Amino acid sequence: MAGGGSWKLPEPRRAGPPFFTRSQVASVLHQVGVLLELQGANPFRIRSYANGSRMLGSLTADLGELVASGELIEVKGIGKGLAGGISQAVEQGVWPEDWVALHEGTPAGLIEMLGIPNLGPKRIKQLHEELGLDDVEALQGAAESGEIAPLDGFGEKSQSKILSGIELLKRFNARRRLDIGMRYGQAFEEKIAALEGVEKATLAGSTRRRLETIGDLDIVVAVEAENHDDVAQAILGLSGIADVKGAGDSKISLILDTSLFDEGFTLGHIDANVLEAIGGEAYEQLESSGTIDAQVRLVSPRAFPYTLAYFTGSKEHNIRLRQRAIERGLRLNEFGLIPEAEAGDLKGQEAAKFSLPAKDEAEIYAHLDLAWVPPALREDMGEVEAAEIGGTGLPNLVCMNSIHGALHNHTVLSDGQATLEQMAEAAIRLGWDWLGISDHSQSLRIANGAIAEDLLAQGRKISTYNAQWAEQGINFRLFHGVESDILEGGKLDYSDEVLGQLDHVIASVHAITKWSNRDEMTNTEELIKCLEHPATTILGHPTGRILQGRDGFPVDMHAVLRAMAELRADGQVKFVELNASPYRLDLDWRLCKYAKELAIPVSINPDAHSVGGLADIHYGVEVARKGWLSSEDVVNYMRAEQLGEVLN
DNA sequence: GCCGTTTTCGGCCCGACTGTTTTCAGTCG
């Protein structure tokens with residue numbers, strides 16, 4: 001769930017029902033859940049709001065229709081109470097009183113405090129009630145002047161942990177992007193795996209699940225009991241460790257810094273407007289002196305698959321697996337899968353002696369009558385049902401080998417750093433069959449957008465190269481397109497005559513401020529209007545979000561995708577972009593599955609502004625996998641000939 | 001607040017670590 005956004009209840013924007021969209025209601029439920037936590041409400045009641053929000057978020061049916069037909073209550077996780085509140089809001093435009101009271105009665109600063117590590121709702125509540133602390137600034141002041149340590153249940157350590165937690169929150173908003181997590185995680189995993197006595201070391205957690213942002217790193221290490229202490233010592237002696245936060249028998253908590261990278265740490269080229277959104281040069285400074293938290297778990301080789309599965313998560317996926325275990329008279333935890341009848345009252349590792357054996361994760365899933373679920377899919381978004389023996393089956397996920405090219409890339413004609421020739425050579429070196437060139441359009445002055453004349457000249461150059469490659473028997477071709485800004489009223493940036501000469505047109509929103517300040521309905525309608533233009537082939541970075549920088553503009557992406565599906569049914573070529581830049585990863589993976597259901601091909605695009613930028617495609621593939629996409633679902637799998645025919 | 005082939009009450013996933021305690025609560029994953 002995106003943080004930072006408004007915690008006000010949305011106002012109804014229309015004259016008649018439905019007054020609110022599905023995404024608005026889902027986000028309100030999430031907020032109510034968090035606010036209830038801060039009130040110290042029943043934890044199970046809190047969970048039902050969180051569940052309700054998640055269920056609504058993954059729902060593809062139209063919420064207005066569900067409410068009108070009374071089917072809302074049929075949705076699993078939505079009972080009488082939630083359905084009543086949701087229906088009232090959707091039909092009458094009025095939020096339930098208790099939800100309003102929660103929003104009005106909770107200072108926004110308390111929500112912000114939840115972002116501080118090791119500080120949860122109970123203690124925030126206590127701090128608020130006993131010291132009257134309303135926001136992070138006040139909390140910091142109180143901690144600095146020593147007012148917190150004397151409180152019941154607090155102490156000197158808690159007080160200083162709060163201060164360092166605040167610092168972390170301010171530095172990184174407490175979460176990091178996937179690319180940062182993968183770089184640190186894979187480097188540390190390799191170092192641990194190379195230690196003597198280590199049987200296996202595997203990166204787990206949200207990084208293994210390829211979530212777009214991650215909290216901290218989890219690394220599970222298999223080691224025999226007799227080597228346990230030596231390995232633990234060896235890990236503590238590795239380079240890259242800035243601080244040791246704690247070390248128990250099974251868990252070591254560390255802070256890593258960039259000295260982990262033997263070859264140094266650089267960010268590479270960042271697109272100018274992206275850089276601006278995440279804090280400009282200050283961000284680059286921050287990241288190069290950055291740190292990341294890591295937990296290392298040492299376990300026996302026998303327990304390793306269970307611990308790996310457990311710490312890969314997600315929490316929701318684990319809960320589903322445990323429920324399946326319970327139905328089968330088994331107890332599932334990080335040590336094993338234990339028959340209740342044999343373990344009796346034994347706990348933890350003692351009980352684990354009775355565990356069913358599993359040499360890898362696949363055997364754990366098999367014990368629960370499931371096929372192995374790829375980590376990226378473990379979000380309780382339908383993967384458990386699909387993995388059931390006799391279920392619909394899990395998708396055969398796309399991989400890097402499926403990629404034969406990508407359509408959205410820039411050159412020096414607009415704001416790219418490499419020439420057309422350099423980009424083509426780089427694509428050939430990657431083993432690609434084709435590459436799409438799509439520089440910025442003329443209105444986007446800040447990115448040196450190309451005037452029609454220059455754009456068409458680029459097209460003639462591309463035709464010449466294509467002819468040469470064909471003559472020489474080289475299996476490579478360029479597609480000539482443009483990334484057209486979406487102008488007022490959903491218009492494209494060139495005349496139809498110019499657009500007609502291009503292979504593909506990527507329509508993207510760049511006037512982010514304007515779109516962010518408009519309501520969801522208007523944005524949705526304008527996007528659809530632009531897509532209805534016959535020349536538009538691809539919707540580029542659909543919401544304009546910059547991870548850790550800014551939220552996307554409000555838009556009902558489900559409705560946009562449905563409109564695209566209808567246009568496709570009429571025979572028009574419409575793809576949706578999954579922008580592979582690790583700063584964007586937009587289309588969100590949660591929507592990829594919906595695009596797939598609607599049979600809209602997803603175009604994974606590095607949006608490369610340099611030769612090196614093409615490599616970002618890798619993050620797009622990871623996220624596409626998370627979104628259930630197989631090779632057949634992505635444009636990049638097509639061979640040049642087939643793509644040429646489709647675009648024609 | 002949700003749920004039900006133990007169905008309208010009484011459950012709701014489970015364990016480690018930390019810091020505060022003297023048997024445990026809060027937080028995290």
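Every chain is numbered from 1 and lettered A, B, ... according to where its sequence line falls, protein lines coming before strand lines. Because the structure is a prediction, the values reported are computed rather than measured.
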Visitor: Taking the side chain of A:Leu82 as its heavy atoms from C-beta onward, which of B:dC14, B:dG1, B:dG29 lies nearest to it?
Guide: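 Between B:dC14, B:dG1, B:dG29, the one nearest the side chain of A:Leu82 would be B:dG1.
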Visitor: Between A:Ser48 and B:dC12, does any side-chain N or O lie under 4.0 Å from OP1 or OP2?
Guide: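 For B:dC12, neither OP1 nor OP2 has a side-chain N or O of A:Ser48 closer than 4.0 Å.
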Visitor: Checking contacts here: which listed nucleotide (B:dG29, B:dG1, B:dG19) is nearest the side-chain heavy atoms of A:Lys161?
Guide: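 Closest of the options to the side chain of A:Lys161: B:dG19.
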Visitor: Can you give me the closest heavy-atom contact between A:Leu82 and A:Tyr49, atom names plus distance?
Guide: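 Minimum heavy-atom separation between A:Leu82 and A:Tyr49: CD2-CE2, 3.4 Å.
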Visitor: Which pair of non-hydrogen atoms, one from A:Ala351 and one from A:Arg331, has the smallest distance, and what is that distance?
Guide: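 Nearest heavy atoms, A:Ala351 then A:Arg331: CB-NH1, 3.6 Å.
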Visitor: Please determine, for the side chain of A:Arg123, which listed nucleotide (B:dT27, B:dC12, B:dG15) has the closest atom?
Guide: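 Looking only at side-chain atoms, A:Arg123 lies closest to B:dT27.
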Visitor: Check the surroundings of atom CD in A:Glu226: do more than 12 heavy atoms from other residues, nucleotides or ligands lie under 6.0 Å from it?
Guide: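 Correct, the count exceeds 12.
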Visitor: Is A:Tyr310 side chain donor-acceptor paired with the B:dG15 base, going by distance under 3.5 Å alone?
Guide: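 Such a pair does not exist between side chain and base.
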Visitor: A:Phe261 vs A:Tyr184 aromatic rings, parallel, tilted or perpendicular, using cut-offs 30° and 60°?
Guide: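 Ring orientation of A:Phe261 relative to A:Tyr184: perpendicular.
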Visitor: Using a 4.0 Å heavy-atom cut-off across all strands, classify A:Lys315 as base, sugar-phosphate, or nothing.
Guide: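 It contacts base atoms.
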Visitor: Can you see if the side chain of A:Lys157 gets near the phosphate of B:dG19 - specifically, an N or O under 4.0 Å from OP1 or OP2?
Guide: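 Yes, such a contact exists.
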Visitor: Of the candidate nucleotides B:dA16, B:dG15, B:dC12, which contains the atom at the shortest distance from the side chain of A:Ser250?
Guide: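 For the A:Ser250 side chain, the nearest candidate turns out to be B:dA16.
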Visitor: OP1 or OP2 of B:dC2 versus the side-chain N and O atoms of A:Arg47: is any pair under 4.0 Å?
Guide: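 For A:Arg47, the contact criterion (side-chain N or O under 4.0 Å from OP1 or OP2 of B:dC2) is not met.
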Visitor: Select one nucleotide: of B:dG29, B:dG1, B:dC17, the one nearest the side-chain heavy atoms of A:Asp216.
Guide: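 Nucleotide nearest to A:Asp216's side chain: B:dG29.
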Visitor: What contact category does A:Gly313 fall into here, base, sugar-phosphate, or nothing, at under 4.0 angstrom with non-hydrogen atoms?
Guide: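 Contact class for A:Gly313: none.
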Visitor: Should A:Asn118 be listed as having a side-chain N or O under 4.0 Å from OP1 or OP2 of B:dT27?
Guide: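 Looking at the OP1 and OP2 atoms of B:dT27, neither is under 4.0 Å from any side-chain N or O of A:Asn118.
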Visitor: Judged by each residue's nearest nucleotide on DNA chain B, which is more toward the 5′ side, A:Ala83 or A:Leu119?
Guide: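 With A:Leu119 and A:Ala83 compared, the 5'-side residue is A:Ala83.
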Visitor: What's the closest nucleotide to the A:Lys76 side chain, out of B:dG1, B:dG4, B:dA16?
Guide: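 The closest nucleotide is B:dG4.
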Visitor: Can you tell me the Watson-Crick or wobble partner of B:dT8, both distances under 3.5 angstrom?
Guide: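 Partner of B:dT8: none found under 3.5 Å.
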Visitor: Mind checking A:Pro43 for me? I need base, sugar-phosphate or nothing, with any heavy atom below 4.0 Å counting as a touch.
Guide: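 Nothing, no heavy atom under 4.0 Å.
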Visitor: Mind checking if A:Ala247 touches a base, just sugar-phosphate, or nothing, with heavy atoms under 4.0 Å?
Guide: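 Sugar-phosphate, no base atom in range.
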Visitor: Mind checking whether A:Arg625 and A:Arg210 have side chains closer than 4.5 Å, heavy atoms only?
Guide: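 No, their side chains stay 4.5 Å or more apart.
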Visitor: Nearest to the side chain of A:Phe335 - B:dC17, B:dG15, B:dG26?
Guide: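 Shortest atom-to-atom distance from the side chain points to B:dG15.
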Visitor: For A:Gln295, which contact category applies under a 4.0 Å heavy-atom criterion: base, sugar-phosphate, or nothing?
Guide: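 The residue A:Gln295 makes no contact with any strand.
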Visitor: With a non-hydrogen cut-off below 4.0 angstrom, is A:Asn42 in contact with a base, only sugar-phosphate, or nothing?
Guide: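 Counting heavy atoms under 4.0 Å across all strands, the contact made by A:Asn42 includes a base.
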